[in-house]
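In what follows, a single structure is set out as structure tokens and then discussed.
As a basis for the values below, the full set of heavy atoms in this structure was taken, side chains included, without hydrogen atoms, waters or symmetry mates.
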Amino acid sequence: MTPLYARRRRTALAAATAVAAGALLTTGLAAGTATADPAPAPVPAGKPVMGGAPVLLSAAARTSLIQEQQATAAETADAIGLGAQEKLIVKDVVKDVDGTVHTRYERTYGGLPVLGGDLVVHEPADGTRTVTKAVRTTVKVASVTPKVAAGKAETQALAAAEKAGSERTEADSAPRKVIWAAEGTPVLAYETVVGGLQEDGTPNELHVITDATTGEKLHEWQAVHTGTGRSLYSGTVTLGTYKSGSAYQLYDTSRGGHKTYNLARGTSGTGTLFTDADDTWGTGAASSSSSDQTAAVDAAYGAQITWDFYKNTFGRSGIRNDGKAAYSRVHYGSNYVNAFWQDSCFCMTYGDGSGNTHPLTSLDVAGHEMSHGVTSVTAGLRYSGESGGLNEATSDIFGAGAEFYANNSSDAGDYLIGEKIDINGNGTPLRYMDKPSKDGASKDYWSSSLGSVDVHYSSGPANHFFYLLAEGSGSKTVNGVSYNSPTYDGSTVTGIGRAKALQIWYKALTTYFTSTTNYKAARTGTLNAASALYGASSAEYKAVDAAWKAVNVS
């Protein structure tokens, strides 16, 4: 689970009220019918012209391709040199216009999951094969019989959670045996997942890795990714709703069946599906009521815009690319100043902020949270170290992309993250992509110490890279917002446009990044993506190289 922002321990964050109101629109369809799917915003210019662009596969075609690749997984494992005890399990498949198939696999060893063993096999139509691995180390351990009892691993995990400030800590299940290969030499280990609540009320899914031979704690990471109606932030919007009997439901059947639920200040369960008598939702103003529809309008609108953004920009049908929607929950807890994505429920959850009147449901926040889900089902970037920073940056990049895509005058696209929710209480955004250090904590450039920085701040160099790739360095104004982006080496970077920059990052994420990708590997992955999409001698390829050098990755 990843929260939207890094929690400042034992401090209160104020937030000011932001109100966007507008005229009312209604739909009024017959019972049992869904509201019309609003016309999508124009697809951005800059679509790839090379064969590396992904093909939009139907759910049936994608399932068939996955089954086909799984049927030959043993042959593939042998062909790429895996050992007799190793097996491959297909996680995802991407097919390009030129026929190239990129198959993402998880790996097992002696029947145990290998954490850090994921890999992508790239197979062009000519029959050649290349492999991108999370780790290049040979996966092999002396024994799969532990010398340390599982109970010791559980005790250690609970202690780690309590040290981090967790409340009501409890192991979600018994520790499972795994092969830990994400850092150096593979070892037999236990993975324990600790539940309960984190210090600020966010659900806890702390993964703790314990050496099953020595009892040493090897690693830990948090798996909860934190961060027609009148909306609070986006004005009057058209919503996908469904009429059941005499009531309308906040249920978007045209986008995979996305539903919006009310937790009514609760912190567990799904909540109650929002319904309305006349299909007119929200007031456009903040309210402290736990039944307020306005926060639900923003959450539902953010989900449908993000769905349309991924579909019309990348040809992706939903977070899993299987045509099925996640769901949203609003009014989580009381005075909860955050939002988060959880793989375990496949859902987005939003708090109401300070005073329960500042919900964290703005458009870029919604896009940010849903994009954590996309990262999870594709590259699976581990949420710690440099890979964790890249995970956060990916959500910022696509959250900003969704905001630009919406083309909503009440919340115009920008390279500011969370500017509408005023989480700092002084009108400043949560993060800046043109110069990340303006938030007081994020890093503008890569350094050897970046991996030890909180992932919300180590995301800075990747956000900065993306801004430079899209817009270029120096002073400029976009949609009325002024930017002035510096470079590490004093170079001048010329942008290639946001549309092409988005295509390159998406291609890299879905076909070249793995769970352990760091900044150096991200540079390689985006160069590979630019080459596949636009050519190795293209201006786009050269711009990717220049933008990485400008943030000290070369």
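- Using a 4.5 Å heavy-atom cutoff, the side chains of D439 and L430 are not in contact.
- Judged by a 6.0 Å distance limit and a 45° cone about the ring axis, K476 is not positioned over the six-membered ring of Y483.
- The ring pair (Phe, Tyr, Trp, His ring centres under 6.0 Å) test with F404 singles out one residue from F398, Y415, F309, and that residue is Y415.
- The closest side-chain heavy-atom distance from W341 to S371 is not below 4.5 Å.
- More than 12 non-hydrogen atoms from other residues, nucleotides or ligands lie less than 6.0 angstrom from NZ of K91.
- For the residue pair I319 and M370, the shortest heavy atom distance occurs at CD1-O, 3.7 Å.
- Between Y445 and H464, the two ring planes are tilted [angle within 30° to 60°].
- Contact annotation: the side chain of Y327 approaches that of C345 to within less than 4.5 Å [non-hydrogen atoms, C-beta and beyond].
- Taken from CD in E540 to CD1 in I504, the straight-line distance is 6.5 Å, to the nearest 0.5 Å.
- Of all the heavy atoms in Q293 and W281, the pair that sits closest is OE1-CA, 3.2 Å.
- K507 contributes no side-chain N or O that, together with a main-chain N or O of A532, makes up a donor-acceptor pair within less than 3.5 Å.
- Scanning both residues, I397 and N463, for their nearest heavy atoms gives CG1-OD1, 3.9 Å.
- With a 6.0 Å cutoff to the six-membered ring centre and a 45° limit on the axis angle, R320 counts as a cation-pi contact of F346.
- In summary, the side chains of D298 and Y350 do not present any donor paired with an acceptor at a separation below 3.5 Å, with no hydrogens or angles considered.
- Residues F274 and V330 come closest through the heavy atom pair CE1-CG2, 3.5 Å.
- At a threshold of 4.5 Å between non-hydrogen side-chain atoms, the residues E403 and N479 do not count as touching.
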Original post:
Please walk me through it: do F513 and W505 pass ring pair (Phe, Tyr, Trp, His ring centres under 6.0 Å)?
Top reply: CA-CA 10 Å; F513 289 1; W505 193 266; 5.6 Å; yes
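- Although no hydrogens or angles enter the test, the distance criterion places a donor-acceptor pair under 3.5 Å between the side chain of T516 and the main chain of A134.
- The closest side-chain heavy-atom distance from P54 to T510 is not below 4.5 Å.
- One distance of note links CD1 of I421 with CD1 of I423; it measures 4.5 Å at 0.5 Å rounding.
- The OH atom of Y261 lies 11.0 Å from the CG atom of L263; values are rounded to the nearest 0.5 Å.
- Within a 6.0 Å sphere centred on NZ of K520, heavy atoms belonging to other residues, nucleotides or ligands number 12 at most.
- Salt bridge absent: R431 and D364 never bring a charged side-chain N and a carboxylate O closer than 4.0 Å.
- Note that the OG1 atom of T241 and the NZ atom of K259 stand 13.5 Å from one another [nearest 0.5 Å].
- Residues A539 and I496 approach most closely at O-CG2, 4.4 Å, considering heavy atoms.
- Proximity of a side-chain donor or acceptor of Q304 to a complementary backbone N or O of T238 within less than 3.5 Å is detected.
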Subject >> side-chain hydrogen bond (donor to acceptor under 3.5 Å, both in side chains) between T306 and Y405, intermediate numbers included >> reply: CA-CA 9 Å; T306 303; Y405 173 87; over 6 Å; no
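- Around atom OH of Y488, no more than 12 heavy atoms belonging to other residues, nucleotides or ligands sit under 6.0 Å away.
- S437 and D444 form a side-chain donor-acceptor contact under 3.5 Å, judged by distance and modelled atom types alone.
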Subject >> Audit row: D92, R62, side chain to side chain contact (heavy atoms under 4.5 Å, CB included) steps and yes/no >> reply: CA-CA 9 Å; D92 192 23; R62 178 175 176 273; 3.0 Å; yes
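- Counting heavy atoms of neighbouring residues, nucleotides and ligands inside a 6.0 Å radius, atom NZ of K133 exceeds 12 of them.
- Here the CG atom belonging to L65 is positioned 6.5 Å from the OG1 atom belonging to T103, to the nearest 0.5 angstrom.
- In the model, H372 has no side-chain atom that pairs as donor or acceptor with a side-chain atom of Q342 under 3.5 Å.
- Donor-acceptor pairing under 3.5 Å is lacking for the side chains of E471 and S485.
- A donor-acceptor contact shorter than 3.5 Å is absent between the side chain of S554 and the backbone of K549.
- Formation of a donor-acceptor pair under 3.5 Å by the T394 side chain with backbone atoms of L390 is found in this model.
- Ring geometry, H219 versus W221: the interplanar angle falls from 30° to 60°, so the pair is classed tilted.
- In terms of heavy-atom proximity, R255 sits nearest to A325 at O-CB, 3.3 Å.
- Contact of the M433 side chain with the D414 side chain is not registered, since no non-hydrogen atoms from C-beta on lie closer than 4.5 Å.
- Between T526 atom OG1 and L469 atom CG the span is 8.0 Å, to the nearest 0.5 Å.
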Subject >> Intermediate values then yes/no, side chain to side chain contact (heavy atoms under 4.5 Å, CB included), W446 and V551 >> reply: CA-CA 6 Å; W446 181 88; V551 297; 5.8 Å; no
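- Listed for the T517 side chain is a donor-acceptor partner under 3.5 Å among the backbone atoms of T514.
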Original post:
Does the pair E123 and Q69 meet the rule for a side chain to side chain contact (heavy atoms under 4.5 Å, CB included), with working shown?
Top reply: CA-CA 11 Å; E123 298 177 284; Q69 295 301 89; 3.3 Å; yes
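- Put simply, the side chain of V121 reaches to within 4.5 Å of the side chain of L119, judged on heavy atoms.
- Judged by distance alone, the side chain of D422 and the main-chain N or O of G427 form a donor-acceptor pair under 3.5 Å.
- Within the 3.5 Å criterion, the main-chain N or O of H456 finds a donor-acceptor partner in the side chain of D454.
- Evaluated for a side chain to side chain contact (heavy atoms under 4.5 Å, CB included) with Y332, the options D352, T349, L360 yield exactly one hit, T349.
- Listed by chain and number, the residues in a ring pair (Phe, Tyr, Trp, His ring centres under 6.0 Å) with Y541 amount to none (sequence neighbours excluded).
- In this structure Y512 satisfies the ring pair (Phe, Tyr, Trp, His ring centres under 6.0 Å) test together with H122, sequence neighbours excluded.
- Using modelled atom types, no side-chain atom of E392 and backbone atom of S458 make a donor-acceptor pair closer than 3.5 Å.
- S515 and R382 share no side-chain donor-acceptor pair at under 3.5 Å.
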**OP:** Evaluate the criterion side chain to side chain contact (heavy atoms under 4.5 Å, CB included) for residue pair N408 and V237; output intermediate values, then yes/no.
**Re:** CA-CA 9 Å; N408 185 313; V237 296; 4.1 Å; yes
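- Judged purely by atom type and a 3.5 angstrom limit, S442 has no side-chain atom pairing as donor or acceptor with the backbone of K438.
- Within the 4.5 Å cutoff, the side chain of S317 has no heavy atoms near those of the Y310 side chain.
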